[in-house]
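Let me begin by presenting the structure, written as structure tokens, before commenting on it.
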Amino acid sequence: MSKQYWLMKSEPDVYPWDQLVEDGTGIWDGVRNHTAKLNMMAMQVGDEALFYHSNIGKECVGIMRVTETAFPDPTADEGSPWVVVRVEPVRPLDHPVTLATIKADLKLADMDLIRQSRLSVGRVRPAEWTHILRLSENAAR
DNA sequence: GCCAACGTTGGC
DNA sequence: GCCAACGTTGGC
């Protein structure tokens with residue numbers, strides 16, 4: 001299967017991008033939503049994901065790569081359906097791409113991030129991915 | 001199986 | 001602090 005793209009939210013006062021960079025790798029635990037879980041179960045090693053800071057910042061700050069497919073969330077109860085994936089940082093974005101920027105861009109109006117604002121793990125279409133990366137290169141905001 | 005009540009997420 | 005969106009729970 002060809003590479004897929006994702007967006008994963010974390011509140012920066014709980015687990016910020018810099019922490020993932022410092023750790024070198026991490027598991028995406030604590031997801032308790034079935035749609036988000038299904039997205040994580042669809043991830044393949046080598047898929048790439050935007051790291052999004054929710055609540056504080058409200059911006060995409062970096063790119064990470066999936067290094068291990070879904071396995072049971074060690075922070076969940078035994079026998080629960082919840083899973084994690086393992087990720088590692090690839091690189092920070094040249095400039096963060098804010099939610100306001102994404103909302104203002106017609107090409108990005110159909111993103112999971114916009115259409116289902118509470119979803120913590122969403123799909124990003126290839127065209128959306130390249131567009132956001134282009135925005136992060138250009139934006140001298 | 002329906003739906004009201006309630007809880008959580010996350011933007012504003 | 002408020003509220004919209006959405007998920008879950010529990011009574012019937």
Side-chain angles (χ1 to χ4, degrees), chain A residues 1 3-141:
Chain A
M1 192 190 297
K3 185 157 71 177
Q4 304 175 100
Y5 300 98
W6 309 93
L7 182 148
M8 304 173 84
K9 296 183 182 178
S10 182
E11 297 183 37
D13 53 352
V14 176
Y15 193 85
W17 165 257
D18 285 348
Q19 187 66 50
L20 181 64
V21 171
E22 194 180 314
D23 294 346
T25 180
I27 60 166
W28 208 266
D29 62 20
V31 170
R32 296 294 182 267
N33 170 282
H34 288 286
T35 305
K37 180 199 71 171
L38 288 173
N39 282 335
M40 289 207 289
M41 291 180 67
M43 291 182 188
Q44 298 293 319
V45 170
D47 282 2
E48 291 190 303
L50 289 164
F51 193 118
Y52 176 84
H53 279 165
S54 61
N55 271 313
I56 303 166
K58 285 168 280 183
E59 55 192 12
C60 302
V61 292
I63 297 171
M64 49 194 174
R65 179 189 297 119
V66 176
T67 59
E68 189 176 348
T69 53
F71 60 94
D73 186 339
T75 70
D77 293 339
E78 191 85 9
S80 77
W82 307 118
V83 300
V84 297
V85 292
R86 180 168 291 280
V87 294
E88 66 181 15
V90 175
R91 65 175 177 88
L93 294 182
D94 302 323
H95 302 278
V97 178
T98 66
L99 179 64
T101 299
I102 292 172
K103 277 191 152 178
D105 196 317
L106 284 176
K107 290 198 183 84
L108 302 175
D110 211 31
M111 285 186 71
D112 283 359
L113 178 70
I114 304 302
R115 298 178 64 101
Q116 202 177 339
S117 66
R118 284 185 10 171
L119 185 61
S120 62
V121 179
R123 280 184 187 273
V124 178
R125 295 169 186 81
E128 293 164 348
W129 180 269
T130 50
H131 191 65
I132 287 174
L133 293 200
R134 191 171 304 124
L135 290 176
S136 83
E137 289 161 16
N138 296 341
R141 296 163 207 278

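Throughout, a chain's letter reflects where its sequence line sits, starting with A, and its residues are numbered from 1. Remember, predicted model here, so these are calculated numbers, not experimental data.
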Can a donor-acceptor pair be found, under 3.5 Å and without considering hydrogens, that links the side chain of Thr25(A) to the backbone of Val87(A)?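 It does hold such a pair.
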
- Got a sec, which residues hit side chain to side chain donor-acceptor pair (under 3.5 Å) with His131(A), two or more places apart in sequence or on another chain?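 His131(A) satisfies side chain to side chain donor-acceptor pair (under 3.5 Å) with Asp105(A) only.
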
Which side-chain N or O atoms in residues 60-70 of chain A pair as donor and acceptor under 3.5 Å with protein atoms at least two apart or in another chain?
| residue | atom | partner | partner atom | Å |
| --- | --- | --- | --- | --- |
| Arg65(A) | NH1 | Glu88(A) | OE2 | 2.7 |
| Thr67(A) | OG1 | Arg86(A) | O | 3.4 |
| Glu68(A) | OE1 | Arg86(A) | NE | 3.4 |

**Asked** Can you tell me how far the CG atom of Asn138(A) sits from the NE2 atom of His95(A), to the nearest 0.5 Å?
**Response**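 It comes to 8.5 Å.
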
Item to check | Distance, nearest 0.5 Å, that separates CZ of Arg134(A) from NZ of Lys107(A) | outcome: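 The distance works out to 7.5 Å.
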
Which donor-acceptor pairs under 3.5 Å do side chains of residues 72-79 of chain A form with protein atoms, sequence neighbours excluded?
| residue | atom | partner | partner atom | Å |
| --- | --- | --- | --- | --- |
| Asp73(A) | OD1 | Thr75(A) | N | 2.7 |
| Asp73(A) | OD1 | Thr75(A) | OG1 | 2.7 |
| Asp73(A) | OD2 | Gly30(A) | N | 2.9 |
| Asp73(A) | OD2 | Arg32(A) | NH1 | 3.0 |
| Asp73(A) | OD2 | Thr75(A) | OG1 | 3.2 |
| Thr75(A) | OG1 | Arg32(A) | NH2 | 3.2 |

In residues 51-62 of chain A, which ones come under 4.0 Å of DNA chain B, going by heavy atoms?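 Of all residues in residues 51-62 of chain A, the ones placing a heavy atom under 4.0 Å from DNA chain B are Tyr52(A), Ser54(A), Asn55(A), Lys58(A).
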
Review point. How would you list all residue pairs meeting salt bridge (charged side-chain N to carboxylate O under 4.0 Å, His left out) that involve residues 113-122 of chain A, not counting sequence neighbours?
Key: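 Listed once each, the pairs are Asp110(A)-Arg115(A).
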
5' to 3' on DNA chain B, which nucleotides open and close the contacts with chain A (atom under 4.0 Å from a heavy atom)?
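Using the under 4.0 Å cut-off, the span is dG7(B) to dC12(B).
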
